[in-house]
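Below is one structure, written out as structure tokens; comments come after it.
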Amino acid sequence: MEKSRNKDPKVTIKIPRPLYNNLKEIIAGSGFDSATDFIVYVLRDIISHELYRGKESLSAGEIDIIRKRLKALGYFS
Amino acid sequence: MPSDRKVLVIGLDCATPQLVFDRWKEKLPNLKKLIDGGSYGLLESTIPPITVPAWMSMMTSKDPGTLGFYGFRNRKNYSYDEMFFATSTVVKEKTVWDILSEQGKKSIVVGVPPAYPPKPLNGNLLSCFLTPGPESDYTYPKELKSEIVTNCGGYIFDVMNFRTDDKEKLLRDIDELAENRFGVTKYLMQNKEWDFCMFVEMGVDRIHHGYWKYFDKEHVLYEPNSKYENAIQDFYIKIDQMIGELLSVAGDDTIVLVVSDHGAKRMDGGLCFNEWLMQEGYLTLKQKPEGRTQVKHDNIDWSKTKAWGSGGYYGRLFMNVKGREPNGIIPKEDYEKVRSELVEKLEALTDMQGKVMGTRAYRPEEIYSTVNNIAPDLIVLFGDLYWRSVGTVGFGSIHTLENDTGPDDANHAQHGIFIMYDPRGQQKKGKLEGTNIMDVGPTILNLFGIEPPRDMRGKIVK
Ligand SMILES: [Zn+2]
């Protein structure tokens, strides 16, 4: 398995230097500490949208737990 | 407004203007400081005034119709029983912190529902009371969870056993909930970089529902000289002290907002929605209920049913339309006629003394700018929200003083609170009129010098 061979939780991805330089310029003075932080945020955002698109993000069991709790709270009967 | 300011939003779910601005203000020194030194007023909530969708309406500046969810549970299609649950992933509109993230501002977001599963942002986020359990991944980034467990002893989502007669234990649970969440927020404010911090406390809502009848002399079930007479007041005092701690961490650079998603009012009773629909000939069951029982869809005789309802703090009415529902009987061309007839009858409903209750039945397309997904055919607020909607049948009357979900003393009210305070005194002071829940989002962006997107429906409070 790929997983057992690679112990390091992070991987290196190569991007063109001009793009990197542009990114550095964009994030200067922003709340992003580095181009890496910015890239990770943007990618996670895209991935979370893709993962959840059009499907239930919770299992039936999880929904049932929440539904019971809400019912007990009186939100619906 | 210069953009070097920070903004802290303290959300108190269900905090009520009559209690905060009037009744107990003098006992709440920190809130009093914010009210007297800043601007404040009623905050008009969504219709319906319910936690989901209200907080998201506030943070996206969109109405429930645009958001496409109208409560916790929503119809997935026109079948009788398929529902989808409003989780964080059904929120497609951008929140204030999504926009701030794009601008490189860092946020801390704690418990703003619906927030499970946690979605990425530039900063740190903890999910809300709609999280399945402590084993769930309730933080963004994922690694934050172990840090919260180590430094704050974990994160409490909600009071886990609300329907209990052990009122002593419930009070302790509500206190513990508030202490934990204020503590977690304080920890994040002290240990993470942030420009924007928002936190929603649920304890206020839970204590209103659990203890309202002990202090409100107008409550039908008012119990004089109860040892819980001051339970709600004492809780507000506790919250006020904890707000004071957050204010001192925030410092003078931070503009502070205190807001609620709706208010609370005494509950006079329950209106048995389906019982009424049966009496009026709109709903027919296959088998007459023995005792009190929930209306199960497979016990409804759809060939003789025009409409059915569901219970909660407000009523949702669904119509059985030919060609739309699987066994629909209302011809499409009669839809509006039948719906108008229902509106008229619902709004004429009387209380047990025969007085008109002040019920309002809203057509979604009349109150929302657009209607995405499937809204109820009517959204019904019974008796000016002094009455809840009871879905269960078999009460033998359309009015009940008992609740089909257990003891509950309070219902939601249409108006919450809005307070905005600038320690540097650069904001306008005094009482505000006509503030709407959708105004909060653009107001926050404006404090950062960011022009609100054009599709935000609210206006900037200045
Ligand atoms: Zn609420």
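In this text, all values refer to a predicted model and were calculated from it rather than measured experimentally. To find a chain, count down the sequence lines: A is the first, B the second, and so on, and within it residues start at 1.
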To the closest 0.5 Å, what do you measure between CZ (B:R206) and CG (A:L73)? 4.5 Å
Are more than 12 heavy atoms, taken from residues, nucleotides or ligands other than B:K106, located less than 6.0 Å from that residue's NZ atom? yes
Between the CZ atom in B:F85 and the CD1 atom in A:I63, the distance rounded to the nearest 0.5 Å is 7.0 Å
How many angstroms lie between CG in A:L58 and OG in B:S136, if you round to the nearest 0.5 Å? 8.0 Å
Taking side chain as everything from C-beta outward and backbone as N, CA, C, O, which of these in B:D195 sits under 4.5 Å from a heavy atom of chain A? Side chain, backbone, both or neither. neither
Bottom line for B:I50: the part with an atom under 4.5 Å from chain A's heavy atoms is side chain
Would you compute the distance between atom OH of A:Y75 and atom CZ of B:R73 and round it to the nearest 0.5 angstrom? 14.5 Å
Any side-chain heavy atom of B:T131 within less than 4.5 Å of one from A:E62? no
Need one label for B:D98: side chain, backbone, both or neither, based on atoms under 4.5 Å from any heavy atom in chain A. backbone
Heaviest contributor of heavy-atom pairs below 4.5 Å to chain A, chosen from B:P120, B:G312, B:S310, is B:P120
Which atoms of B:Y313 come close to chain A, meaning under 4.5 Å heavy atom to heavy atom: side chain ones, backbone ones, both, or neither? both
In Å, rounded to the nearest 0.5 Å, how long is the span from OG of B:S101 to CZ of A:F32? 6.0 Å
Nearest 0.5 Å please: distance from the CG atom of B:L121 over to the CG atom of A:D45. 9.0 Å
Please look at A:I65 and chain B and tell me whether the side chain, the backbone, both or neither of the residue comes under 4.5 angstrom of a heavy atom of that chain. side chain
Is the positively charged end of A:R69 above the ring of B:F129, judged by distance under 6.0 angstrom from the centroid and angle within 45° of the axis? no
Ring pair (Phe, Tyr, Trp, His ring centres under 6.0 Å) involving B:Y70 - partner list, sequence neighbours excluded: B:Y368
Measuring heavy-atom distances to chain B, does A:D64 have an atom under 4.5 Å in its side chain, in its backbone, in both, or in neither? neither
On a heavy-atom basis, which atom in A:R44 and which in B:P141 lie closest, and how many Å separate them? NH1-CB, 4.1 Å
